[in-house]
Each structure stands twice: as C-alpha cells, then as structure tokens.
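Reading through the structure tokens given below for one structure.
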Amino acid sequence: VPATKNIKPQYSSQVAIGVAKNITKTYEVSIEAYYKDMTNLIEYSEGASYLDPQKDWQDKVSTGNGVSYGTELLIQKKTGRFSGWIGYTLSRTERTFPDLNFGKTYPYKYDRRHDVSLVGIYKLRDDFEFSATWVYGTGNAVSLPEERYAGRGQSYNIGPGGPTYYFYDELLYYPSRNNYRMRAYHRLDVSVSKTKKKKWGQQTWSFGAYNAYSRANPFFMDIGYDRSGNKKFKQYSLFPIIPSVR
C-alpha cells in the first residue's frame, strides 16, 4: 500500500561491519555483524477485520518501529574435489507498536534466532559430481491462545414442545503476540550431475530430490480436533520429498 497523509513512509537504516580472511588458497573465513533500524512500520490493529469493506484500510492499521541485528559466520572451502561451505547466523528481529501487545516489544513473525546452512560438492570426475545442501532454521514465531472461555449463550427450540439446544460463543485468550514457536525448519536437498561437452557447448543432466528425508516442516498452525473431538493445535505442511530431473 502507498504512503498517505495519515500513514507516513517507512524508513530503515542499516550498518554492517565484517572481516574476511583467506587461509591458504583453499579456505576462506568471514564474519559480519549488522544492525538495522526501521520506523513507521505498519501492522493490522487488534481486532481488525478483513471483511469490512466500509472501513478504510488506513483505519485498520497501527504504526510502530522495528529492529533487526545479528552476526553471520561463513567458512568456505573453494578448491579440490570436495568443496562447499558452512554458514551460521545468530540474529534477532523485533517489533514495538504502542497500540499492539500492550506496547511491549515482541518477536516478529520472521525472527529466526539460529540459521544454519551446510553445502557440500564432490567431483568424482571432471564430468560427474554429487552435491548436498542441508538447512536449519529456528521455527517462526506464532500467536496461539492459552485459554478459552464460554461467551454469550444462545438457544433455540425445534418445533413446539421439542428439545432446546444451547450454543455458546467461544472466546480465546492470547496473552501476547507471537508467544509460541513452531517446530524448527530443516531439510536436505541432494543431486547428482553428469556433464558432457558438445561441439555447440555442453550438456548437463541432473537428478535430485528436494527435502530428501521428507521432513514435514510447518507452514502454519491452527486450532483443530483430534479423533475424539477434543480441540488441539494442528500443524499444516506443504512440501514432502520432491524428485527432480533437469
């Protein structure tokens, strides 16, 4: 959405400092720290409804600030039959809105405390190589209720002298924003490639698998029911193992 007379433009400023060092011609190590400050961010206000077309979107949002900072470490092997790298990031991303979460700072949805990537490439021959990538990340922050209450009751009768049924609106209590974490995200991608030189260039066949051990990574969580009809938190996932040919 655009900035308006009521919603100011969003601003951010970032500073980063790092150092890199070559250890012989084979290895390189680098470390970098960053800090990012954000102002005039917008979020939907408490209780805002997507289904109210009579109310302008500017009246459904709150304005606040954010901060993100962390440290990144990379160790890379650049030569030889076996190459690859190890990357690790330790970071924090937070939001503070006067009108949200009682004015208290809360972790942003994409706050990821730990982020790891391992990449390995092995050349069996000049024309034949294996590669594997493993990634790991702290689960996304999510808002989940901790308590529920029966709200206003309603009743109706089925026909004269028939039974009376009672229904109650259920009220859910959320103590704070993003008060829980989904399960950690991790997966393994693997591939094998065969390259052949042609007169017109080169041809490469690749066979691989995304999410090789078919990890059920969480995409979002919702309130559902178990087989006995009791309420429970349910995790929904998207992608199982996906083979590929290229």
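Keep in mind that this is a model prediction, so the values were computed, not measured.
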Any chance you could lay out the side-chain contact (heavy atoms from CB on, under 4.5 Å) test for Arg92 and Tyr69, step after step, and finish with the verdict? CA-CA 6 Å; Arg92 186 186 295 268; Tyr69 53 92; 3.0 Å; yes
Start with the C-alpha gap between Lys78 and Glu28, add the side-chain angles, then the distance that decides, and say whether salt bridge (charged side-chain N to carboxylate O under 4.0 Å, His left out) holds. CA-CA 8 Å; Lys78 301 185 290 184; Glu28 179 181 331; 3.2 Å; yes
Under the criterion salt bridge (charged side-chain N to carboxylate O under 4.0 Å, His left out), I'd like the reasoning laid out for Glu46 against Arg177: C-alpha separation, chi angles, the key distance, then a yes or no. CA-CA 10 Å; Glu46 304 286 5; Arg177 281 207 169 198; 3.6 Å; yes
Check step by step if salt bridge (charged side-chain N to carboxylate O under 4.0 Å, His left out) holds for Asp111 and Arg113. CA-CA 6 Å; Asp111 173 59; Arg113 196 61 36 82; 2.8 Å; yes
Start with the C-alpha gap between Lys194 and Asp127, add the side-chain angles, then the distance that decides, and say whether salt bridge (charged side-chain N to carboxylate O under 4.0 Å, His left out) holds. CA-CA 6 Å; Lys194 177 72 167 62; Asp127 62 342; 3.3 Å; yes
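At least one side-chain heavy atom of Leu124 sits less than 4.5 Å from a side-chain heavy atom of Tyr122. Within the 4.5 Å cutoff, the side chain of Tyr210 has no heavy atoms near those of the Val190 side chain. Counting heavy atoms from C-beta outward, Lys8 and Thr63 have side chains that stay 4.5 Å or more apart. Between Lys60 and Lys55 there is a side-chain heavy-atom pair separated by less than 4.5 Å. Two residues are said to be in side-chain contact when any heavy atoms from C-beta on lie closer than 4.5 Å; Phe97 and Tyr106 meet this criterion. Using a 4.5 Å heavy-atom threshold, the side chains of Ile31 and Val19 count as touching. Under the 4.5 Å side-chain criterion, counting only non-hydrogen atoms from C-beta, Val1 is not in contact with Ile7. His186 has its side chain within reach of Tyr213: a pair of non-hydrogen atoms, C-beta onward, lies under 4.5 Å apart.
For Ser45 (side chain) and Ala48 (main-chain N/O), no donor-acceptor pair under 3.5 Å exists by modelled atom type. A donor-acceptor pair is defined here as one N or O able to donate and one able to accept, closer than 3.5 Å; such a pair exists between the side chain of Ser91 and the backbone of Arg112. Between the side chain of Gln235 and the main chain of Met182, no donor-acceptor pair closer than 3.5 Å is present. With hydrogens and angles disregarded, a donor-acceptor distance shorter than 3.5 Å links the side chain of Asp226 to the backbone of Gly229. No side-chain donor-acceptor contact under 3.5 Å links Ser12 to the backbone of Asp37. Listed for the Ser228 side chain is no donor-acceptor partner under 3.5 Å among the backbone atoms of Asn230. Panel note: side chain Asn101, backbone Gly103; no donor-acceptor pair is recorded below 3.5 Å. A donor-acceptor pair under 3.5 Å is absent between the side-chain atoms of Asn40 and the main chain of Gln10, judged by distance alone. When atom types are taken as modelled, the side chain of Arg181 and the backbone of Gly139 share a donor-acceptor pair closer than 3.5 angstrom. Formation of a donor-acceptor pair under 3.5 Å by the Lys77 side chain with backbone atoms of Phe82 is found in this model.
The structure places OG1 of Thr89 at 4.0 Å from CD of Glu72, a figure rounded to the nearest 0.5 Å. In this structure, OG1 on Thr93 lies 13.5 Å from NZ on Lys109, to the nearest 0.5 angstrom. Thr138 contributes atom OG1, which lies 8.0 Å from atom CG of Asp115 (distance to the nearest 0.5 angstrom). To the nearest 0.5 angstrom, Asn211 atom CG is 6.0 Å from Asn217 atom CG. Distance check: Tyr136 OH to Arg187 CZ gives 15.0 Å after rounding to the nearest 0.5 Å.
Looking only at atom types and distance, the side chain of Ser131 has a donor-acceptor partner in the side chain of Ser191 under 3.5 Å away. A donor atom on one side chain and an acceptor atom on the other are found under 3.5 Å apart for Gln58 and Thr4.
Between Trp205 and Phe207, the two ring planes are parallel [angle under 30°; tilted spans 30° to 60°].
What you find for Ser193 and Ser206 is that their closest heavy atoms are OG-OG, 2.9 Å. Contact between Pro107 and Asn178 at its shortest, heavy atoms only, is O-ND2, 2.6 Å. Looking at every heavy atom in both residues, Tyr34 comes nearest to Ser68 through CE1-OG, 3.9 Å. Minimum heavy-atom separation, Tyr174 to Ser143: CE2-O, 3.7 Å. When all heavy atoms of Pro145 and Ile223 are compared, the closest pair comes out as CG-CD1, 3.8 Å. Closest of all the heavy-atom pairs between Leu41 and Gly66 is CD1-N, 3.7 Å.
For Phe102, the CZ atom sits in a loose shell: 12 or fewer heavy atoms of surrounding residues, nucleotides or ligands are nearer than 6.0 Å. For NZ of Lys123, the number of neighbouring non-hydrogen atoms (other residues, nucleotides, ligands) closer than 6.0 Å is 12 at most. Annotation for Asp126: atom CG does not count as buried by contact number, only 12 or fewer foreign heavy atoms lying within 6.0 Å.
Using a 4.0 Å cut-off between a side-chain N of Lys or Arg and a carboxylate O of Asp or Glu, Glu170 and Lys231 qualify as a salt bridge.
Ring-centre distance between Phe128 and Phe130: below the 6.0 Å cut-off.
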